[in-house]
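Shown next, in structure tokens, is the structure this report addresses.
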Amino acid sequence: MIRLQGVSKRYLRKKALMDVDLQLPTGKIIGVIGENGSGKSTMLKLISGLVRPSSGTVTVDGEKVDRRTARKVSYLSELDTYYPFFTVQETIDYYASQFADFDGETSKEILSFMGVDPAQKVKHLSKGYRSRVKILLVLSRKVPYILMDEPLSGLDPMVRDSIIKGLISFVDLEKQTVVLTTHEVNEMEPLLDMIVAVRDGEVIKVADVEELRRTENKSIAEWMNDVYAGNTCRSLPS
Amino acid sequence: MSDEFHPSSPIYLQLAERINRQILRRELRPGDKLPSVREMAIQSHVNPNTVNRTYSELERMGIVESRRGQGTFITEDEKRLSQLREDLRNRQIEFFVRAMGEMGFNPEEIVSGLQDYLKQQRDRGKEE
């Protein structure tokens, strides 16, 4: 289980997250949703140990998060983090050499599933194929936690479709938990078990997706539009 | 792309509904095996946990049976399936009649309206 207790994160004077208490159960696909700059990515980075909280504690399976948390957590960055001069195959081999839990068989399956040519140089790939490679690298690790920062952002519908299908096909929810950030809730909604809605560095809602649809009588996307447009009351400073 | 889901009700129930309709249309027959949870998840673009929920809901309703290690199968209990057919028909009629009632139509008008409509549909079918 992932747990945040009283977690705040400031970048210099800018507050990214404020006093977050949160428990994320295992075996689910959890969407961290919110506007740009709301603190979604910071939350993921805190869980993966890439940034440290200014105060509070983050634990994964009861252990305080540090750089070694990478053993348990596979993290997909929003940025491109690979060597452009490598071919796809060299990139895969490089990852396999860095992570003991990297599963070569799975990576081959995903490679053919997504139709990526392993001989291509990464820098010559289109944006869509680069994203597929990134997804491949993240999903090939047999880790209990997979964190993905905006896996669909800026991609065309066909690529998104193949990424969503890949996610469903290659994640084992009996052993794995996925936490992803997205502002494309519409497309992601049928995939999510749970949402964590973040606004201005605060968690404003943690809910089971089906439950929220049932009680609010609308989709998560519609609910978000209402909440973020301010149609429901913001708590005003007294 | 898969069909879209309605925004306002739980996805697992909508998926159960789809399967029920396939059973009524006889696209799925008694004793047929349903796709595995993961296959169904991929086909319908939903979370595998949602499919699990759909299958347990259908099992609770007595429409499918899960057999250990083999998968999930449509029940061979024909009585249960004809009951399902009745239930879904009655529910749809209930919606329709209620909506007509809210618009102020009386039972005779509803019946004659429906007969006229069905007749038109039939005639149109013959012309084509």
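This is a predicted model, so every value here is computed, not measured. Each chain gets a letter, A, B and so on, in the order the sequences are listed, and its residues count up from 1.
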*Over 12 foreign heavy atoms within 6.0 Å of CD, B:E27*: yes

*Given that the side chain runs from C-beta out, which part of A:L167 has a heavy atom under 4.5 Å from chain B: side chain, backbone, both or neither?*
neither

*Given a strict heavy-atom distance threshold of 4.5 Å, which part of A:D172 is in contact with chain B: side chain, backbone, both, or neither?*
both

*With chain A, which of B:V46, B:T50, B:I11 has the greatest number of heavy-atom pairs at distances under 4.5 Å?*
B:I11

_To the closest 0.5 Å, what do you measure between CG (A:L173) and CG (B:N52)?_
9.0 Å

*Report, as yes or no, whether the 6.0 Å neighbourhood of atom NZ on A:K175 holds more than 12 heavy atoms from other residues, nucleotides or ligands.*
no

*Interatomic distance, A:R214 atom CZ to B:L13 atom CG [nearest 0.5 angstrom]*: 9.5 Å

*To the nearest 0.5 Å, how far apart are NZ in A:K28 and CG in B:N47?*
8.5 Å

*asked:* Please rank A:L192, A:I168, A:L191 by heavy-atom pairs under 4.5 Å with chain B and give me the top one.
replied: A:I168

*Is any side-chain heavy atom of B:Q14 closer than 4.5 Å to a side-chain heavy atom of A:R213?*
yes

*At their closest point, which heavy atom of A:S169 faces which heavy atom of B:I42, and how far apart are they?*
OG-CD1, 3.2 Å

*Got a second to check how far B:N49's CG is from A:M194's CE, nearest 0.5 Å?*
12.0 Å

_Contacting region of A:V171 [heavy-atom separation from chain B under 4.5 Å]_ = backbone

*Are A:E187 and B:H45 close enough that some pair of their side-chain heavy atoms sits under 4.5 Å apart?*
no

